[in-house]
Amino acid sequence: MGIKQLYQVIKDECPDAYKEGEIKNQFGRKVAIDASMSIYSFLIAVRSGGEMLTNEDGETTSHLMGMFYRTLRIVDNGIKPLYVFDGAPPKLKSGELAKRFQRKATATEGLEEAKETGTAEDIEKFSRRTVRVTREHNAECQRLLKLMGIPYLIAPTEAEAQCAVLARAGKVYAAASEDMDTLCFDSPVLLRHLTFSEQRKEPIQEIFLEKVLAGLDMDRKQFVDLCILLGCDYLDPIPKVGPHTALKLIREYKTLENFVEAVQNDPKSKYTIPEDWPFADARELFLNPDVRPADAPECEFKWEAPDIDGLIQFLVTDKGFSEDRVRAGAARLQKNLKTSQQARLEGFFKPIPKTEAEIKNLKRKNDEKNEEKKKRLKEEKKEKAKAKSKPRGGG
DNA sequence: CTCAGCCA
DNA sequence: TGGCTGAGG
């Protein structure tokens with residue numbers, strides 16, 4: 001889910017706050033990945049004939065397939081992934097969870113109905129909506145990662161928030177997520193489309209929080225308020241408030257307190273605050289999430305050699321994977337561990353010293369690029385507006 | 001989802 | 001090489 005429309009706002013308001021590029025540019029970087037979110041998407045996407053993959057005993061293997069091959073691909077690109085699992089859900093989120101549960105219940109009813117009367121596509125559609133990540137999925141993926149030599153940690157509550165802490169502390173370069181929420185948790189850098197960029201033609205987006213804040217001319221608190229207005233996972237959206245209005249409202253009222261008060265004091269206001277709208281709680285969740293500090297012993301992690309025999313036992317013997325493929329995968333892990341050691345020895349990760357003149361030159365080039373980007377976006381916008389504008393409005 | 005194999 | 005398709009478990 002995430003913050004609806006936030007990317008659009010950033011694109012419009014602060015074009016220098018993000019970069020788009022290839023996965024190769026991420027070589028040598030450590031990134032924190034929300035494991036539970038990934039598992040969810042594997043359960044939905046890794047299917048054959050609409051059904052999840054299973055071993056002979058009927059145990060689901062989609063999550064292991066996805067986790068195994070995606071991690072290999074990331075590692076092949078010289079990226080060092082650290083997976084972060086969700087802990088307990090935060091209290092406020094239980095409201096949202098209840099809603100999801102309800103959706104799941106209705107989807108299950110729908111599934112029964114679809115099985116009676118519907119087409120194969122209907123059945124498939126409903127079956128995808130009922131997906132839930134279980135304790136077992138998480139535990140099995142943790143076992144897999146351990147065998148692959150890939151580090152992971154379990155967050156006290158939300159993985160996204162923990163990823164952000166690690167990025168903020170410099171333990172990883174960025175939090176990798178599709179979810180724009182990560183910026184609200186104060187991750188300095190957010191990587192989007194890290195994985196599906198190669199297969200599809202989409203570029204990797206690299207979003208820089210500092211530049212977002214500068215571009216919007218907001219402090220973090222205002223930014224979080226903006227995101228809540230745009231619509232977050234925790235709260236119902238306010239009708240009639242889209243990206244444009246949300247921005248305008250925060251600029252005008254500065255805080256959600258002021259805005260809500262203004263609406264409630266104005267019987268003719270065109271906005272309606274939902275019945276149960278604990279925005280201060282939601283804000284608190286973003287500003288002070290329950291996380292492990294980055295220097296806690298639980299946040300220690302390192303990349304190790306894969307346990308090949310263990311992988312064969314787990315994936316081949318227990319889960320029915322092809323031995324050749326698993327061995328080939330393990331070899332890729334070993335090979336990349338070596339190349340990254342080599343790169344370190346050769347000083348790849350050391351910052352390259354720059355003279356004053358070089359720095360100045362880089363800055364100038366950067367500014368030029370940003371100007372170009374701004375211009376280009378402006379023109380795109382103009383053309384869009386032209387295409388939209390009606391022949392005559394009257395007046 | 002990713003991989004492997006095939007074909008332009 | 002790169003896009004497409006079917007298999008993977």
Side-chain angles (χ1 to χ4, degrees), chain A residues 1-2 21-24 26 31 33-86 120-121 123-134 136-145 147-150 152 159 176-179 191-205 306 308 310-336:
Chain A
M1 241 144 279
E22 302 173 66
I23 192 163
K24 311 277 175 227
Q26 305 300 326
V31 300
I33 303 173
D34 179 342
S36 306
M37 198 79 251
S38 310
I39 295 170
Y40 178 78
S41 67
F42 296 144
L43 291 175
I44 288 172
V46 184
R47 281 161 184 253
S48 178
E51 300 279 310
M52 289 187 211
L53 301 183
T54 63
N55 68 359
E56 282 182 333
D57 300 340
E59 298 166 337
T60 299
T61 52
S62 293
H63 55 308
L64 297 171
M65 270 253 127
M67 180 72 71
F68 186 61
Y69 287 117
R70 174 172 294 181
T71 305
L72 283 174
R73 172 179 272 217
I74 289 171
V75 168
D76 269 346
N77 280 287
I79 298 167
K80 299 183 147 210
L82 160 72
Y83 284 95
V84 181
F85 288 80
D86 278 331
E121 290 90 72
I123 295 172
E124 199 178 317
K125 210 165 64 189
F126 281 115
S127 125
R128 276 176 216 256
R129 273 191 218 159
T130 59
V131 162
R132 241 165 37 102
V133 179
T134 66
E136 287 71 34
H137 293 139
N138 280 309
E140 285 187 334
C141 284
Q142 285 164 18
R143 181 172 170 200
L144 174 64
L145 291 170
L147 293 171
M148 293 176 80
I150 304 295
Y152 66 84
S177 175
E178 302 317 308
D179 224 328
L191 290 183
R192 292 177 87 209
H193 306 169
L194 178 66
T195 45
F196 58 69
S197 65
E198 242 179 337
Q199 220 72 347
R200 313 190 208 165
K201 282 259 179 189
E202 301 214 41
I204 290 185
Q205 294 167 356
I308 298 178
L311 281 170
I312 300 280
Q313 172 64 40
F314 183 39
L315 292 182
V316 179
T317 312
D318 296 355
K319 299 297 176 184
F321 281 49
S322 135
E323 178 164 349
D324 285 354
R325 284 190 172 203
V326 172
R327 280 196 190 278
R332 278 160 78 186
L333 286 170
Q334 275 180 319
K335 178 174 159 263
N336 284 302

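Chain identifiers are assigned alphabetically (A, B, ...) following the order of the sequence lines, protein sequences preceding nucleic acid strands; residue numbering begins at 1 within each chain. Keep in mind that this is a model prediction, so the values were computed, not measured.
More than 12 heavy atoms of other residues, nucleotides or ligands shown are found within 6.0 angstrom of CD on Gln313(A).
When the C1' atom of dC1(B) is taken as reference, atom CG of Asp76(A) falls 16 Å away, rounded to whole Å. Here the P atom of nucleotide dG5(B) and the CG atom of Asp324(A) are 11 Å apart, to the nearest Å. Whole-Å rounding puts the Glu178(A) CD to dC1(B) C1' distance at 13 Å. Residue Ile74(A) contributes atom CD1, which lies 12 Å from atom C1' of dT2(B) at whole-angstrom precision. We find that CG of Leu144(A) is positioned 14 Å from C1' of dG9(C), with the value rounded to whole Å. Glu323(A) places its CD atom 12 Å from the P atom of dG9(C), with the value rounded to the nearest Å. In this structure, Leu315(A) atom CG and dG8(C) atom C1' are separated by 13 Å, rounded to whole Å. Here dA7(C) presents its C1' atom at 11 Å from OH of Tyr69(A), a figure rounded to the nearest Å.
Put simply, the side chain of Leu315(A) reaches to within 4.5 Å of the side chain of Leu144(A), judged on heavy atoms. Side-chain contact between Glu140(A) and Lys319(A) is present, with heavy atoms from C-beta onward closer than 4.5 Å.
Taking every side-chain heavy atom of Ala45(A) into account, dC1(B) is the closest of dC1(B), dT2(B), dG9(C).
At a non-hydrogen distance threshold of 4.0 Å, nothing from residues 49-68 of chain A comes into contact with DNA chain B.
Side-chain contact check for Tyr83(A) and Thr71(A): at least one donor-acceptor pair (N or O, by modelled atom type) lies under 3.5 Å.
For Arg47(A) and dG6(C), the shortest distance from a side-chain N or O to OP1 or OP2 is not below 4.0 Å. Taking only side-chain nitrogens and oxygens, Arg70(A) never comes nearer than 4.0 Å to OP1 or OP2 of dC1(B).
In this structure a side-chain-to-backbone donor-acceptor pair under 3.5 Å is missing from Asn77(A) to Lys24(A). Counting only distance, with no hydrogens or angles, the side chain of Glu22(A) and the backbone of Ile204(A) share no donor-acceptor pair below 3.5 Å.
Under the rule for a side chain to side chain donor-acceptor pair (under 3.5 Å), Gln334(A) has no partner lying at least two apart in sequence or in another chain.
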